[in-house]
Amino acid sequence: MKLVTFRAEGGPALGLVEDDGTTVRDLRGVTGDAGLLQVIEDWASWSGRIAQASGLPVVPEAQLLAPIPSPRRDLFAVGKNYREHVAEFGRSGYDTPQRSEDLPDKPIVFSKATTSVTGPFDDVESHPSVTTELDYEAELAVIIGTGGRGISYDDALDHVWGYTIVNDVTARDVQRDHKQWLLGKSLDTHAPMGPWAVTADEIADLGALEVSSHVNGELRQKAPVKDLIFDVAELVRVISAGITLLPGDIIATGTPAGVGIGFDPPRFLQRGDVVECAITGMGAIRNTIA
């Protein structure tokens with residue numbers, strides 16, 4: 001299934017996307033006021049009712065929000081998780097945290113504030129009073145279904161409800177100046193997400209998915225998920241080792257090479273730039289820098 005959250009009178013509402021990738025059906029006749037987070041928490045109950053629903057009204061010109069517009073806690077995110085991105089990061093000449101061309105031997109995990117989340121087609125604020133070095137990072141994001149702590153590698157994918165797309169927008173100068181990741185990754189609107197949340201059973205071969213980004217129509221990033229240094233199961237295992245994962249938790253898995261800081265000179269985003277991030281079979285998000 002492909003589920004979305006759309007803007008409706010009275011607040012966000014849950015919708016079902018048809019196979020054409022454009023038609024949105026209003027699920028409120030089935031799910032009432034429940035949002036995607038609530039549905040994920042009791043997926044065993046909701047999934048059958050949603051799958052069997054028929055005659056649902058079409059939402060004309062649905063205005064999509066992030067699938068989970070207000071996550072219950074910060075997003076987990078992973079740095080330097082594609083080999084070529086590690087190399088470009090190390091060559092960048094910026095005294096950024098963890099700057100090195102050496103491959104990490106353990107996942108580098110940081111967080112993005114919930115207030116960084118915005119819709120798949122909403123504007124991304126440039127925050128000119130805070131940063132002049134704005135960058136893009138197209139990423140596969142994992143949505144946890146069944147929570148838990150101490151999840152084994154072999155069981156990890158059983159705890160994944162589904163997937164979505166995130167642009168891990170980054171203020172490189174803030175990241176550098178503060179010698180850590182949180183502030184430079186968490187500015188408001190710097191985690192556009194969507195357009196859909198795709199259930200795990202829709203993905204036949206996770207490693208074959210291709211992550212890409214374009215800036216103003218120019219291809220910048222392109223790599224298969226199989227190129228991850230630490231795969232999805234390993235990320236779930238590592239994060240859950242001492243932290244209880246909760247239903248609806250989001251893990252952004254890392255970005256391929258081709259980000260702005262990797263060019264010489266760097267190609268940072270400017271107002272008016274349009275960034276599109278896509279993943280095979282999962283649609284695309286498209287955001288203008290405002």
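The model shown is predicted, which means the values in this text are computed figures rather than measured ones.
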**Message:** Applying side-chain hydrogen bond (donor to acceptor under 3.5 Å, both in side chains) to Asp154 and Ser152, what does each step give before you reach the verdict?
**Reply:** CA-CA 5 Å; Asp154 289 341; Ser152 71; 5.6 Å; no
**Request:** For side-chain contact (heavy atoms from CB on, under 4.5 Å), just list the numbers for Thr253 and Val78, CA-CA rounded to whole Å, side-chain angles, deciding distance to a tenth of an Å, and then say yes or no.
**Result:** CA-CA 5 Å; Thr253 58; Val78 182; 5.5 Å; no
**Item:** Pair Leu209-Tyr163, side-chain contact (heavy atoms from CB on, under 4.5 Å): steps then yes or no
**Value:** CA-CA 11 Å; Leu209 299 180; Tyr163 303 92; 5.8 Å; no
**Request:** Please test His159 against Leu245 for side-chain contact (heavy atoms from CB on, under 4.5 Å), starting from the C-alpha separation and ending with a verdict.
**Result:** CA-CA 9 Å; His159 289 257; Leu245 286 173; over 6 Å; no
**Message:** Test side-chain contact (heavy atoms from CB on, under 4.5 Å) on Ile289 and Gln270; report intermediate values, then the result.
**Reply:** CA-CA 7 Å; Ile289 307 303; Gln270 307 296 324; over 6 Å; no
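The shortest distance between side-chain heavy atoms of Asp158 and Thr146 does not fall below 4.5 Å. Under the 4.5 Å side-chain criterion, counting only non-hydrogen atoms from C-beta, Phe230 is not in contact with Arg237. The closest side-chain heavy-atom distance from Ile50 to Ser47 is not below 4.5 Å. Ile243 is listed as a side-chain neighbour of Phe76, based on a closest heavy-atom distance under 4.5 Å. Side-chain contact check for Val259 versus Thr170: every heavy-atom pair is 4.5 Å or farther apart. Residues Leu228 and Glu234 have side chains not in contact (no heavy-atom distance under 4.5 Å, counting atoms from C-beta outward). Under the 4.5 Å side-chain criterion, counting only non-hydrogen atoms from C-beta, Trp46 is not in contact with Leu27. Between Tyr82 and Val211, the closest side-chain pair of non-hydrogen atoms falls below 4.5 Å.
In this structure, Thr164 OG1 and Leu3 CG are separated by 10.5 Å, a value rounded to the nearest 0.5 Å. Summarising the geometry, atom CG belonging to Leu182 is positioned 11.0 Å from atom CD belonging to Gln175; distances are rounded to the nearest 0.5 Å. The CG atom of Leu65 sits 11.5 Å away from atom CZ of Phe121, with the distance rounded to the nearest 0.5 Å. Considering CG of Leu75 and CD of Glu139, their distance stands at 10.0 Å, rounded to 0.5 Å. Here the straight-line distance linking atom CD of Gln63 with atom CG of Asp122 works out to 9.0 Å at 0.5 Å rounding. Leu269 contributes atom CG, which lies 6.5 Å from atom CG of Asp135 (distance to the nearest 0.5 angstrom).
Side-chain contact annotation: Asp231 with Tyr153, donor-acceptor N/O pair under 3.5 Å present.
In terms of the side chain to side chain donor-acceptor pair (under 3.5 Å) criterion, Asp123 has no residue partners (sequence neighbours excluded). Taking the side chain to side chain contact (heavy atoms under 4.5 Å, CB included) definition, one finds that Ser54 meets it with nothing, sequence neighbours left out.
Proximity of a side-chain donor or acceptor of Asn287 to a complementary backbone N or O of Gly119 within less than 3.5 Å is detected. A donor-acceptor contact shorter than 3.5 Å is absent between the side chain of Ser111 and the backbone of Asp74. In this structure, the side chain of Thr114 does not engage the main chain of Ser70 through any donor-acceptor pair within 3.5 Å. No donor-acceptor distance shorter than 3.5 angstrom exists from the side chain of Thr23 to the backbone of Glu18, with no hydrogens or angles considered. One N or O on the side chain of Lys112 and one on the backbone of Val169 form a donor-acceptor pair closer than 3.5 Å. Remark: side-chain polar atoms of Glu276 are not paired, donor with acceptor, to backbone N or O of Arg286 under 3.5 angstrom. With hydrogens and angles ignored, the 3.5 Å screen pairs a side-chain donor or acceptor of Gln221 with a backbone N or O of Pro256. Thr131 places a side-chain N or O within donor-acceptor distance of the main-chain N or O of Glu133, the cut-off being under 3.5 Å. Of the possible donor and acceptor atoms, one in the side chain of Glu202 sits under 3.5 Å from a partner among the backbone N and O of Met1. Although no hydrogens or angles enter the test, the distance criterion places a donor-acceptor pair under 3.5 Å between the side chain of Asp173 and the main chain of Thr132.
Within a 6.0 Å sphere centred on CG of Asp19, heavy atoms belonging to other residues, nucleotides or ligands number 12 at most. Summarising the local packing, CZ of Arg49 is surrounded by more than 12 heavy atoms from other residues, nucleotides or ligands at distances under 6.0 Å. The environment of CZ in Arg73 is crowded: more than 12 heavy-atom neighbours from other residues, nucleotides or ligands sit within 6.0 Å. Other residues, nucleotides and ligands contribute over 12 non-hydrogen atoms within 6.0 Å of the CG atom of Asn216.
Heavy atoms only, all atoms of each residue included: Arg25 and Leu56 are closest at NH1-O, 2.7 Å. The two atoms that bring Pro71 and Ile250 nearest to each other are CG-CD1, 4.2 Å, heavy atoms only. Here the shortest heavy-atom pairing between Lys2 and Gly281 reads CE-O, 3.9 Å. Heavy-atom minimum distance, Val166 versus Ala141: CG2-CB, 3.6 Å. For Ser126 against Arg271, the heavy-atom pair with the smallest separation is OG-NE, 3.2 Å. Taking every heavy atom of both residues into account, Thr5 and Pro12 meet most closely at CG2-CB, 3.6 Å.
Following chains of ILVMFWY side-chain contacts shorter than 4.5 Å, one can reach Val160 starting from Trp196, so the two form part of one hydrophobic cluster. The cluster map of Ile, Leu, Val, Met, Phe, Trp and Tyr, joined by side-chain heavy atoms under 4.5 Å apart, puts Leu140 and Val236 in the same cluster. Tracing side-chain contacts under 4.5 Å through hydrophobic residues (I, L, V, M, F, W, Y), one reaches Val225 starting from Ile165; they form part of the same cluster. Both Ile279 and Ile203 are assigned to one and the same hydrophobic cluster, defined by single-linkage of ILVMFWY side chains at heavy-atom distances under 4.5 Å. Criterion: ILVMFWY side-chain heavy atoms under 4.5 Å apart, direct or through other members. Under it, Val142 and Ile68 are not part of a common hydrophobic cluster.
Looking at Asp168 and Lys185, a side-chain N of the basic residue comes within less than 4.0 Å of a carboxylate O on the acidic one, giving a salt bridge. For Arg172 and Glu137, the salt-bridge test passes: some basic side-chain N is under 4.0 Å from an acidic carboxylate O.
Aromatic ring orientation, His190 versus His127: perpendicular (interplanar angle above 60°, classes split at 30° and 60°).
A side-chain contact (heavy atoms from CB on, under 4.5 Å) with Trp161 is found for one member of Asp201, Ile144, Thr199, Val39 and no other, namely Thr199.
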